[in-house]
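What follows is a short report on a single structure.
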Amino acid sequence: NVVLSEGIFRLSDSILLSNNNATLSGQGPGTVLQVSANGVTAIQLTAVQDVVLKDFTIDGNAPVYKETRGIYINDGNATVQLLNLKIMNTSASPLASSDSNSDFKGNYHRKIMARGLHFKDNVTGVSLFDTYDSLFSDITIEDKVKSGSVAWHMSRAYQVSLQNFR
């Protein structure tokens, strides 16, 4: 488990999490993971179980950097908690997951419990695939999505509860 202090942490590469039972937490909105290179995803999760991300801000630093993402859930099954996070200024997606049908690797199942997420000034919206038995509550969206994009997209979502969106 990793606890970050308040401050700005510049990311020239992604934080890769592939260990189960891990927690990455900050001290609230004053703990900022700030992308500092093109094509960087702040946090990538790959086939993880019982991972918790909480109490920090992700700044994609767009329009300075291109193709930046907040959190990306990569290939494989995942069980993730996202708590009290602010994701802002991403140019690709603030929160996304891979599409198991597009890469022909099989069906993935992702269980996500998200509470207290704040999306602000992102260029594209959230895009999640293969999500089941999940809860998204107390979500604030203040994005400026580009024309032809949507603020929230889910595909192949089963038993998902959406509560208190603003």
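Residue numbers count from 1 along this sequence.
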Separation of [Y] [atom2] from [X] [atom1] (nearest 0.5 Å):
X: Leu82; Y: Phe136; atom1: CG; atom2: CZ; answer: 7.5 Å
X: Leu95; Y: Leu128; atom1: CG; atom2: CG; answer: 4.5 Å
X: Met113; Y: Thr79; atom1: CE; atom2: OG1; answer: 12.0 Å
X: His118; Y: Asp138; atom1: NE2; atom2: CG; answer: 12.5 Å
X: Ile58; Y: Gln34; atom1: CD1; atom2: CD; answer: 12.0 Å
X: Asp143; Y: Trp152; atom1: CG; atom2: CH2; answer: 10.5 Å

With heavy-atom distances below 4.5 Å as the criterion, would you say the side chains of [X] and [Y] are in contact?
X: Leu83; Y: Val52; result: yes
X: Leu17; Y: Val51; result: yes
X: Ile71; Y: Leu85; result: yes
X: Thr131; Y: Met154; result: yes
X: Thr90; Y: Asn61; result: no

Tell me whether [X] shares a hydrophobic cluster with [Y], the cluster being built from Ile, Leu, Val, Met, Phe, Trp, Tyr side chains joined at under 4.5 Å.
X: Ile139; Y: Phe56; value: yes
X: Val160; Y: Val126; value: yes
X: Leu16; Y: Leu45; value: no
X: Ile8; Y: Val35; value: no

Quick check: does any side chain N or O of [X] sit under 3.5 Å from a backbone N or O of [Y], one acting as donor and the other as acceptor?
X: Asn122; Y: Ile87; result: yes
X: Ser91; Y: Glu67; result: yes
X: Ser134; Y: Ile112; result: yes
X: Ser137; Y: Arg115; result: no
X: Thr41; Y: Ile43; result: no
X: Thr68; Y: Lys66; result: no

Requested in this report: Considering only Ile, Leu, Val, Met, Phe, Trp and Tyr, and joining two whenever side-chain heavy atoms are under 4.5 Å apart, list the other residues clustered with Met88.
Outcome: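 Under the 4.5 Å side-chain rule, Met88 groups with nothing.
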
Query raised in the report: Using a side-chain heavy atom cutoff under 4.5 Å and only I, L, V, M, F, W and Y, what cluster partners does Val3 have?
Result: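 None, because no other hydrophobic side chain comes under 4.5 Å of this residue.
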
Query - Pairing residues for Gln159 by the side-chain hydrogen bond (donor to acceptor under 3.5 Å, both in side chains) criterion, not counting sequence neighbours - result: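 Counting only residues at least two positions away or on another chain, Gln159 forms no side-chain hydrogen bond (donor to acceptor under 3.5 Å, both in side chains).
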
**Report entry** Contacts of Gln81 that satisfy side-chain hydrogen bond (donor to acceptor under 3.5 Å, both in side chains) - sequence neighbours left out
**Finding:**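 Partners of Gln81 under the side-chain hydrogen bond (donor to acceptor under 3.5 Å, both in side chains) test: none.
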
So, using side chain to side chain contact (heavy atoms under 4.5 Å, CB included) as the criterion, who are the partners of [X] when residues are at least two apart?
X: Ser155; result: Phe129, His153
X: Asn84; result: Asp55
X: Asp13; result: none
X: Leu4; result: Val2, Phe9, Leu24, Thr31, Leu33

Query raised in the report: Who are the salt bridge (Lys or Arg N to Asp or Glu O under 4.0 Å) partners of Asp50, not counting sequence neighbours?
Result: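 Checked Asp50 against salt bridge (Lys or Arg N to Asp or Glu O under 4.0 Å); zero matches.
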
Requested in this report: Taking salt bridge (Lys or Arg N to Asp or Glu O under 4.0 Å) as the test, write out the residues that go with Lys111, two or more places apart.
Outcome: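 Once residues adjacent in sequence are excluded, the partners of Lys111 under the salt bridge (Lys or Arg N to Asp or Glu O under 4.0 Å) criterion are Asp133.
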
Query - By ring pair (Phe, Tyr, Trp, His ring centres under 6.0 Å) - contacts of Phe119 (at least two apart) - result: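 Here no residue qualifies.
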
Report task. Search all heavy atoms of Ser12 against all heavy atoms of Ala37 and return the closest pair with its distance. Result ->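 For Ser12 versus Ala37, the nearest heavy atoms are O-CB, 3.8 Å.
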
**Report entry** Atom of Pro94, atom of Gly125 and distance for their closest heavy-atom approach
**Finding:**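 In terms of heavy atoms, the two residues are closest at CD-O, 3.7 Å.
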
Query raised in the report: Between Ile141 and Phe165, is a side chain to side chain contact (heavy atoms under 4.5 Å, CB included) present by the stated rule, with each step listed?
Result: CA-CA 8 Å; Ile141 300 174; Phe165 274 62; 4.2 Å; yes

Requested in this report: Could you name each residue pair satisfying side-chain hydrogen bond (donor to acceptor under 3.5 Å, both in side chains) that touches residues 16-28, not counting sequence neighbours?
Outcome: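 Sorted pair list comes back empty.
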
